[in-house]
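Quick note on labels: first sequence line is chain A, next is B, and so on, each numbered from 1.
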Amino acid sequence: MFRTNTCGELKITDVNKTVTLAGWVQTVRKFGSITFVDLRDRYGITQLLLNETLNAQLETNPLGREFVLQASGKVTERSSKNVNIATGEIEIAVERFTILNKSITPPFTIQDDTDGGDELRMKYRFLDLRRNAVKKNLELRYAVGRSTRNYLHENNFMDIETPFLIKSTPEGARDFVVPSRMNAGQFYALPQSPQTFKQLLMVSGYDRYYQIVKCFRDEDLRADRQPEFTQIDCEMCFVEQEDILQMFEGLVRRIFKDVKNIDYTEVIERMTWEEAMWQYGNDKPDIRFGIKLNNLKFPSHTFADKENISSIITSDFAVFNEAETVLAICVPNCSDYTRKQTDELVEWVKRPQIGMKGLAFIKYNTDGTFKSSIDKFFTNDQLKNIAAACHAVAGDLILILAGAEEKTRKAASDLRMYMGTTLGLRKADDFKLLWVLDFPLFEYDEDGNRWVARHHPFTSPKPVDINTMINNNPAIENAAEYLKHPYANIKANAYDMVLNGNEIGGGSIRIFQRELQEKMFAALGMDAEEQQHKFGFLLGAFEYGAPPHGGIAFGFDRLCSILGGSESIRDFIAFPKNNSGRDVMIDAPSTIDEKQFEELQIRLDVK
RNA sequence: GGAGUGGUAGUUCAGUUGGUUAGAAUGCUGCCCUGUCACGGCAGAGGUCGCGGGUUCGAGUCCCGUCCACUCCGCCA
């Protein structure tokens with residue numbers, strides 16, 4: 001037996017027990033003839049005391065950081081205690097120890113506040129994983145997984161594995177492809193999600209399916225996007241949208257309780273996509289704070305009060321007059337911003353990532369007066385009316401952006417988020433869930449002058465829109481006026497769950513009739529032959545009694561990182577890839593042997 | 001595909017207007033130290049300033065190119 005106890009469990013009540021511990025040397029503190037060693041394992045740190053006799057042994061075999069050590073001795077009460085660690089009241093009076101293995105000096109310190117940079121930590125990830133800071137993220141991930149499995153199991157969901165070597169369908173994200181040796185010239189694709197398989201499982205009658213499963217997308221990466229990532233993938237049959245929303249509100253509440261000990265009992269807010277876009281400029285709004293967008297001009301979409309608001313910004317100010325959209329946000333208690341501060345905001349929106357030409361502001365001073373960067377063009381009464389339209393009160397700072405609709409809306413949303421962060425309104429330990437509903441079924445693809453599925457091609461339209469879809473030609477005659485095409489207004493039975501401004505899950509009620517699915521594929525520009533080639537198996541299955549069904553998938557890594565209070569998902573994945581999709585520890589991807597190419601009958605022609 | 005920021009000791013960083021021997025902290029090594037727990041004290045070693053080219057009497061510093069990392073836009077049904 002290597003050890004009788006772990007390094008995290010011995011307490012004052014264990015004094016006088018004879019124990020054996022095994023672990024890694026965290027630090028060595030030498031005081032002449034006695035030496036303290038902090039021994040670390042997964043469970044904690046226990047102090048070892050090496051007396052004069054054993055100290056002599058260290059002369060010939062000195063200990064270094066990260067040596068693997070086995071030590072036996074008696075648990076004793078410390079004469080000076082350390083209240084900062086769980087085992088701080090005791091130490092082990094070591095009687096004998098064995099160096100099980102040596103370590104060369106690690107390239108960075110194995111501490112919570114390590115001196116290692118990201119690149120180095122990733123190269124030596126096996127050392128980085130020894131750090132408490134990363135370990136607790138993986139523990140949180142494990143807890144979220146367990147909570148999920150428990151909840152879904154209790155609700156009759158069945159975990160069924162689906163294949164990783166599947167068929168490439170170049171809709172949506174780019175596929176990772178895998179050559180088939182036994183079928184020369186042919187390729188598998190790694191799944192972007194188990195979408196079609198879980199639908200087939202519904203046809204098979206496994207009415208509640210789930211899987212915590214790896215998915216693969218060959219697209220550019222971000223702090224919160226990895227080429228391989230994990231989803232909580234779920235599907236149910238004989239359900240309507242409301243059933244799914246209820247079931248998975250339950251899941252998220254359970255996770256909050258199990259993992260964070262938070263009773264999320266409040267009603268989970270819901271808003272339509274349309275509302276989200278016009279109130280927050282974004283389909284995944286952070287509703288922990290207000291600062292909603294106010295439309296100061298005729299919006300091109302239907303929206304409340306447009307008649308009343310439109311006259312407010314009438315003046316000689318060409319920027320507003322010529323802009324497609326004018327949006328304002330009202331930032332509370334910031335009317336005292338200095339010239340320097342407002343200038344910084346102007347520069348902020350002019351950055352290439354935002355790309356606005358400028359930013360107008362109105363200070364609604366606490367004494368009720370107005371001071372504005374557009375004083376020249378607007379009377380005091382007009383400023384007052386604009387302020388009223390923005391629901392501003394004295395002390396507020398109104399920020400106004402003008403320009404092309406989509407760009408301005410995105411900029412206003414970014415500015416809102418920036419102000420929210422600046423003002424400390426986005427606290428990591430404050431959680432607010434939201435359902436965004438009624439997404440458009442189609443999105444216009446400018447390059448192809450065609451419709452693409454906003455969610456995916458298996459999403460069903462709202463029942464009231466089915467006839468619109470069936471009875472209209474999907475062809476877009478006038479590209480400039482695509483918004484007037486009947487398809488532009490078709491809404492989907494699709495829903496996203498949003499947590500603190502992050503999309504954590506999304507799903508839909510699916511199409512389950514062959515005819516409607518064919519119509520959907522046709523709307524996306526697929527002729528009958530192509531449909532058969534790509535999705536013949538699904539269309540065929542729909543003819544054998546496919547039940548109504550729908551589902552949802554949660555981004556597991558992202559959910560864990562948000563619960564852990566981090567922007568990046570990388571430290572919630574044991575072995576993540578870097579920005580370029582490389583694993584710098586094992587150095588992948590890499591070239592392969594000539595023999596492998598021969599077996600695959602593939603010749604390289606790198607451009 | 002595009003934009004921004006960065007690359008200097010093992011590590012994290014500083015380095016002024018282009019000017020003598022490129023610094024700090026930490027880590028590492030050695031010596032001292034019986035109650036530390038971020039131990040302390042003394043001494044020491046440690047540098048292809050990412051790489052290539054250019055300007056200059058002289059480049060860590062300026063210019064061009066390139067590679068790498070991070071963040072963002074595009075992309076991510």
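In this entry the distance linking CD of A/Glu52 with C1' of B/rC33 reads 13 Å, nearest Å. The nearest whole Å value for the distance from the CG atom in A/Asp220 to the P atom in B/rC70 is 13 Å. For the pair A/Ile354 CD1 and B/rC73 P, the computed distance is 9 Å after rounding to whole Å.
In this model, the phosphate group of B/rA69 is approached by a side-chain N or O of A/Asn578 to a distance below 4.0 Å at OP1 or OP2.
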Could you go through nucleotides 8-14 of chain B and list every protein N or O atom that sits under 3.5 Å from one of its N or O atoms, giving the distance for each pair?
from: B/rU11; atom 1: O2'; to: A/Asp115; atom 2: O; distance (Å): 2.4
from: B/rU12; atom 1: OP1; to: A/Gly117; atom 2: N; distance (Å): 3.3
from: B/rU12; atom 1: O4'; to: A/Asp115; atom 2: O; distance (Å): 3.2

Pairs under 3.5 Å (N/O, protein and nucleotides 2-7 of chain B):
none

Can you give me the N/O atom pairs linking the protein to nucleotides 65-67 of chain B at distances under 3.5 Å, or say none if there are none?
none

Please list, for nucleotides 38-40 of chain B, all pairs of protein and nucleotide N/O atoms separated by less than 3.5 Å.
from: B/rC39; atom 1: N4; to: A/Lys30; atom 2: O; distance (Å): 2.8

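Legend: residues meeting side chain to side chain contact (heavy atoms under 4.5 Å, CB included) with A/Pro194, ordered by chain and number and at least two apart, are A/Thr162, A/Tyr209, A/Gln211, A/Val213, A/Cys215, A/Asp233. With sequence neighbours excluded, the residues forming a ring-ring contact (aromatic ring centres under 6.0 Å, His included) with A/Phe164 are A/Phe216, listed by chain and number. Taking A/Asp438 as the reference, A/Lys462 meet the side-chain hydrogen bond (donor to acceptor under 3.5 Å, both in side chains) condition, with sequence neighbours excluded. With sequence neighbours excluded, the residues satisfying side-chain hydrogen bond (donor to acceptor under 3.5 Å, both in side chains) with A/Glu530 are A/Lys534.
As judged by a 4.0 angstrom heavy-atom cut-off over every strand, A/Gln47 is placed among the base-contacting residues. Counting non-hydrogen atoms under 4.0 angstrom, A/Arg222 reaches a base of the nucleic acid. When heavy atoms are screened at a 4.0 angstrom cut-off, A/Gln192 is found touching no nucleic acid atom at all. Nucleic acid contact for A/Ser580: sugar-phosphate only, since backbone atoms but no base atoms lie under 4.0 Å from a heavy atom of the residue.
For residues 70-81 of chain A, proximity to RNA chain B is found at A/Arg78, A/Ser79, A/Ser80, A/Lys81, defined as any non-hydrogen atom under 4.0 angstrom from a strand atom. For RNA chain B, none of the residues of residues 506-526 of chain A falls under the heavy-atom distance limit of 4.0 Å.
For the pair A/Arg217 and A/Arg570, both in contact range of RNA chain B, the more 5′-proximal nearest nucleotide belongs to A/Arg570.
Picking from B/rC28, B/rC76, B/rG35 the nucleotide with the shortest atom distance to the side chain of A/Arg225 gives B/rC76. Which of B/rU34, B/rC70, B/rC28 sits closest to the side chain of A/Ile34 comes down to B/rU34. When distances are taken from the side chain of A/Ala223 to each of B/rC28, B/rU71, B/rG35, the shortest belongs to B/rU71.
Of the charged side-chain nitrogens involved, at least one lies within less than 4.0 Å of a carboxylate oxygen, so that A/Glu66 and A/Arg40 count as a salt-bridged pair.
Atom CD1 in A/Ile476 sits 9.5 Å away from atom CZ in A/Arg450 (nearest 0.5 Å). Atom-to-atom distance recorded for A/Phe229:CZ and A/Ile569:CD1 is 9.0 Å, nearest 0.5 angstrom.
Sorted by first and then second residue, the pairs that involve residues 26-48 of chain A and meet ring-ring contact (aromatic ring centres under 6.0 Å, His included), not counting sequence neighbours, are A/Phe31-A/Phe36. Residue pairs meeting the side-chain hydrogen bond (donor to acceptor under 3.5 Å, both in side chains) criterion with at least one member in residues 53-64 of chain A, sequence neighbours excluded: A/Thr35-A/Asn55.
Partner assigned to B/rC70 is B/rG4, using Watson-Crick or G-U wobble distances below 3.5 angstrom.
Checked by atom type, the side-chain pair A/Arg570/A/Asn579 shows a donor-acceptor distance below 3.5 Å.
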